Q: 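Before I ask anything, let me first share the structure, which is written out below as structure tokens.
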Amino acid sequence: MTAVSEPVQLTVPQMLAQLQGTDPGLRYYAAWWLGKFGLETATAAERQAIVNALIGALADEADRTELGGYPLRRNAARALGRLGDRQAVPALIECLHCEDFYVREAAAIALGQLGDPRAIAPLQALLEGGVAMARPVPGRPHLVQPVEAVMESLGHLGATEAIPLIEPFLTHEMPRVQLATARALFQLTGAAEYGDRLLAALESEDVQLRRTALLDLGAMGYLPAAEAILQAGVEASFKLIALHGILSKQLHQAAPAEQTLSLFQGLDQLL
Amino acid sequence: MSNLLAYIHAVETASSASALREAVIQLAQQKDTAAIPTLIAVLGYNNPAAAQAAVEGLIALGDAVVEPLLAQLDGYNYGARAYGVRVLGSIGHPAALRVLLAAAQSDFAPSVRRAATKALGTLRWQLIPEETAREAQLREALTVLQRNSEAADWAVRYAVGVALDHLYQQAAARALREAVCSLLKHLGDRDPDIVVRSRCQLALQRDYLSMHI
């Protein structure tokens, strides 16, 4: 049998013990598992123990990659973002200074998920130096700072004070960064000019960019994009998700039926 | 026929994605049942634009497509299977019922499950003339829709709503009208997703409108 099944036989106490053990592979897996399944079965006391253990793992020194990365810290940060407990905020803010890019990125995303305004100033600090700072690191597939993740989280946090820091990234040489910038600015201002930038990216030659823009427009609930999303050269499953995002927003705002009918028809056709 | 072979050849030898799409459109425009095997093959080329053109061409050819498509649906890649199931759903011939029931219940690919789920509503149920047989098969379809109305994937549950809307409007499915209505009401009230809920409410409102105009 090669079927993948949910690891139902695993329990929170087992995984907690594994996280605090010595085998790096098992610890890494436990951090992921606790973030994914931990809350479903944990008691209140166990929940506290999970958060404590994961916060402890953010300072781990044992698990290192050849390039000096901290894999366990990365997974612990991701798990803490999912668990949604704001006790983790100070430790995650510390992680924004970690020498491992991927730890900083995971922490930036987690801080956006936790929604605590204490994270705004430390996140903004990662954008200092602007476009000139945000260069690719030679030999690595990433920039000096995780600016896309940082801007996305500042958008989630409603950090309007960060707008002047974010705006210059619209001129960053990487189209992906430009899109992340436009999305954050749309979240913070609601201005159509930023939505329209993502809309234009649906015409991009790069299919990966088209998919990213499409999912962003859906997550933003940007109604003017609905028709272009239906026509875009992207797989139907992406279009479904994006259109669902737009329709959800319209319905939550109690939009009139004549406005939503064509969106329902679009979804019907995508099935 | 020799003319058609030239169109088929153009599809088989197209050297770019856009040339393939163009060749498929040309072939489909011939509206010739001899094009069916080639159009079915295009569904598996992993080229969304060409596949969409083939889907439209196959739907236009109607019932003649059903048997060859059913015969070739097995062992396909799941992308091709999803396109194939969409074709079967749009043509709506009940000969596809067994395959659609199985796909809606247990295909591992969500895209196939939702297309098959929707198709259970768009079948032309009136083509099963004998009422007892039709009702029994409708009940089987409804059982699958009920099961899928509890799927974790909102898109599968949405497809249930769309299928129920179609069943609700079909005179041939009148025997199930109350059961369809109550499942629509249930989903319209209780589904955790606002889009699914609203789609089911829309189905019931349309009925309300058609009764009062």
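Per chain, numbering begins at 1; letters A, B, ... match sequence-line order. What you see is a predicted model, and the numbers here were worked out from it, not measured in a lab.
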Q: Should the pair B:Asp63-B:Arg124 be classified as a salt bridge under the 4.0 Å nitrogen-to-oxygen rule?
A: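 Counted as a salt bridge, because a side-chain N and a carboxylate O are separated by less than 4.0 Å.
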Q: Answer with side chain, backbone, both or neither: which region of B:Ala155 has an atom nearer than 4.5 Å to a non-hydrogen atom of chain A?
A: both
Q: Would a 4.5 Å heavy-atom cut-off, applied to side chains only, mark B:Arg199 and B:Val196 as touching?
A: no
Q: Which atom names give the shortest non-hydrogen contact between B:Leu123 and B:His93, and what distance separates them?
A: CD2-O, 3.6 Å
Q: For A:Gln265, is it the side chain, the backbone, both, or neither that has a heavy atom closer than 4.5 Å to a heavy atom of chain B?
A: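 Neither part.
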Q: State whether A:Arg210 and A:Glu205 are salt-bridged, where the test is any N-O pair (Lys NZ or Arg NE/NH1/NH2 against Asp/Glu carboxylate O) under 4.0 Å.
A: no
Q: Is it the side chain or the backbone of A:Leu261 that comes within 4.5 Å of chain B heavy atoms, both, or neither?
A: side chain
Q: Is the shortest side-chain N to carboxylate O distance from B:Asp107 to B:Arg81 below 4.0 Å?
A: yes
Q: Pick one of side chain, backbone, both or neither for B:Asp193, based on which atoms fall under 4.5 Å of a heavy atom in chain A.
A: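 Only the side chain of B:Asp193 comes within 4.5 Å of chain A.
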Q: Please classify the contact between B:Val162 and chain A as side chain, backbone, both or neither, with a heavy-atom cut-off of under 4.5 Å.
A: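 Contact with chain A: side chain only.
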Q: Would you mind telling me which of B:Ala119, B:Ala115, B:Gly89, B:Ser198 has the largest number of heavy-atom pairs within less than 4.5 Å of chain A?
A: B:Ser198
